[in-house]
Amino acid sequence: MNDDLPILPPGFGPGSHGEEERPDCPSMPRAMRTFERPALPEPGQLSGHPIALALLERLQEALGAYRIGEQSRVIGLDRQPKADLKLLQQILGEGEVAIQVGGQRPARIQETVLAGVWWVQLQIGRGEVVGQWLEVADVPALVRRRAFAEARWPQLGELPDGLLNAGPVLVELLDAAKRHAERALATPHAVNLSLLPFSPEDRRFLAERLGEGSVTLLSRGYGNCRIASTATPGIWCVQYFNSSDRLILDTLEVTGIPQVACAAQEDIDDSAERLREIREALE
């Protein structure tokens with residue numbers, strides 16, 4: 001299946017910041033492309049592609065039925081004609097969120113122009129696609145399953161010289177993360193590193209202790225938000241950048257999934273209405 005359609009921009013990879021500005025979170029995606037509406041096919045073009053029509057109808061039903069907090073709705077795309085998949089991709093386009101999931105079977109995920117509708121591809125080797133599907137969800141189930149699948153609790157150990165605030169911050173984060181693991185944390189717990197005096201030693205120490213996780217997400221909105229799971233259960237690195245790709249807010253958050261990464265029910269409802277309008281325009 002290595003001839004399947006790519007769904008993420010080729011520049012989606014490690015960050016490109018200079019040495020003096022490099023974020024201290026695990027490898028970040030770099031491509032930040034302007035969000036664009038898809039160029040829809042001509043009206044009537046879908047009449048020769050009944051499978052694409054059927055997939056759009058199933059997607060409409062999934063959007064209408066899904067509610068936040070429920071199990072995601074999945075529409076398999078394996079073994080579908082390439083022409084129909086290409087047409088479907090043209091109709092759904094690329095939205096604002098792109099995700100990479102690492103591990104032995106990595107995944108590339110792209111939100112479509114319909115918020116809460118995700119195009120997911122499982123890969124092996126050099127990007128060979130071995131499975132793909134559309135998923136209606138606040139965030140794809142694969143992200144939740146893989147984010148901390150191999151996470152471990154770090155040891156504090158002896159604090160190195162030159163630290164300002166990294167020690168107390170790590171203790172605070174680990175305490176919140178353990179309460180989160182015990183389901184005793186009622187709301188997400190965030191530490192704003194931008195407000196704290198932090199030396200280069202602080203940042204290195206914190207990055208080493210928290211480790212690098214398997215999920216990396218880039219949201220391209222009015223600004224840009226980069227999110228990465230750490231190797232410590234429940235702890236995420238959440239960073240905000242301005243239009244010049246300069247870091248303006250640097251936080252660590254303890255939660256299942258940062259809320260900024262998730263579609264809301266209003267997004268799902270809007271996507272259902274928008275898809276209905278798209279289908280009507282293509283008839």
Side-chain angles (χ1 to χ4, degrees), residues 1 4-5 7-8 12 29 38 51-52 54-80 84-85 88-89 91-123 129-151 180 183 188 213-219 221 225 227-229 233-234 236 253 255-276 278-279:
M1 296 177 62
D4 283 282
L5 302 171
I7 61 170
L8 293 184
F12 191 93
I51 292 178
L55 291 171
L56 286 175
E57 184 175 354
R58 289 179 60 191
L59 180 58
Q60 187 79 68
E61 293 171 355
L63 281 167
Y66 176 72
R67 295 294 179 268
I68 299 296
E70 296 179 350
Q71 184 175 352
S72 60
R73 303 302 203 267
V74 174
I75 301 170
L77 300 177
D78 294 340
R79 300 184 181 88
Q80 302 294 355
D84 288 81
L85 290 182
L88 189 65
Q89 190 178 58
I91 293 168
L92 297 179
E94 286 186 6
E96 297 178 349
V97 181
I99 306 172
Q100 279 189 330
V101 181
Q104 292 186 340
R105 182 165 289 188
R108 291 159 63 87
I109 303 170
Q110 175 67 55
E111 190 178 37
T112 69
V113 294
L114 303 174
V117 177
W118 309 86
W119 196 305
V120 184
Q121 289 184 339
L122 291 179
Q123 299 178 326
V129 178
V130 294
Q132 58 181 329
W133 61 88
L134 286 174
E135 186 168 349
V136 176
D138 57 346
V139 70
L142 194 66
V143 173
R144 295 185 187 276
R145 288 200 303 270
R146 297 270 198 91
F148 300 106
E150 300 180 5
H180 172 73
R183 302 183 184 278
S214 59
V215 171
T216 310
L217 179 150
L218 170 65
S219 177
C225 180
I227 301 170
S229 62
W236 296 83
E253 186 171 338
T255 185
I257 296 285
Q259 194 59 44
V260 68
C262 301
Q265 187 62 53
E266 294 80 7
D267 298 321
I268 302 293
D269 296 340
D270 289 345
S271 292
E273 179 60 29
R274 186 174 179 186
L275 179 58
R276 190 174 296 108
I278 289 173
R279 292 174 64 208

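Of the inter-residue distances, the one linking W133 atom CH2 with Q121 atom CD reads 10.0 Å to the nearest 0.5 angstrom. Here CG of L55 is found 5.0 Å from CD of Q80. Values are rounded to the nearest 0.5 Å. Atom CH2 of residue W119 and atom CG of residue L85 lie 5.5 Å apart, to the nearest 0.5 angstrom. For the atom pair CG of L92 and OG1 of T112, the computed distance is 5.0 Å after rounding to the nearest 0.5 Å. In this structure, L77 CG and L134 CG are separated by 4.5 Å, a value rounded to the nearest 0.5 Å. Here I227 contributes atom CD1 and W236 contributes atom CH2; the two are 7.5 Å apart, rounded to the nearest 0.5 Å.
Among L218, V260, L217, the one residue that satisfies the side-chain contact (heavy atoms from CB on, under 4.5 Å) test with C225 is V260.
Heavy-atom minimum distance, G234 versus H180: CA-CD2, 4.2 Å. Contact between T255 and P188 at its shortest, heavy atoms only, is OG1-CG, 3.8 Å. In terms of heavy atoms, C262 sits closest to I257 at SG-CG2, 3.4 Å. Residues I268 and A137 share a closest heavy-atom pair of CD1-O, 4.3 Å. The two residues A149 and R145 have their closest heavy-atom pair at CB-O, 3.5 Å. Between Q265 and I68, the shortest heavy-atom contact is OE1-N, 2.8 Å.
Side-chain contact check for S72 and E135: at least one donor-acceptor pair (N or O, by modelled atom type) lies under 3.5 Å. Side-chain contact, W118 with Q110: no donor N or O sits under 3.5 Å from an acceptor N or O.
The environment of R105 atom CZ is sparse: at most 12 non-hydrogen atoms of other residues, nucleotides or ligands sit within 6.0 angstrom. Summarising the local packing, CZ of R183 is surrounded by 12 or fewer heavy atoms from other residues, nucleotides or ligands at distances under 6.0 Å. Taking a 6.0 Å sphere around CD of E150, one finds it holds 12 or fewer heavy atoms contributed by other residues, nucleotides or ligands.
With hydrogens and angles ignored, the 3.5 Å screen pairs a side-chain donor or acceptor of R274 with a backbone N or O of V113. Of the possible donor and acceptor atoms, one in the side chain of S229 sits under 3.5 Å from a partner among the backbone N and O of S214. Here the side chain of E111 pairs a donor or acceptor atom with the backbone of G116 at under 3.5 angstrom.
Using a 4.5 Å cut-off on side-chain heavy atoms (C-beta onward), V136 and Y66 make contact. Side-chain atoms of V97 and I99, non-hydrogen and from C-beta on, do get closer than 4.5 Å to each other. Between R73 and L59 there is no side-chain heavy-atom pair separated by less than 4.5 Å. With a 4.5 Å cut-off on side-chain heavy atoms, V117 and L275 do not count as touching.
D138 and R144 are joined by a salt bridge, as a carboxylate oxygen and a charged side-chain nitrogen come within less than 4.0 angstrom of each other. Taking a cutoff of 4.0 Å between a charged side-chain nitrogen and a carboxylate oxygen, E273 and R276 qualify as a salt bridge.
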Subject >> S219 and E96: CA distance, side-chain angles, deciding distance, side-chain hydrogen bond (donor to acceptor under 3.5 Å, both in side chains) verdict >> reply: CA-CA 5 Å; S219 177; E96 297 178 349; 4.9 Å; no
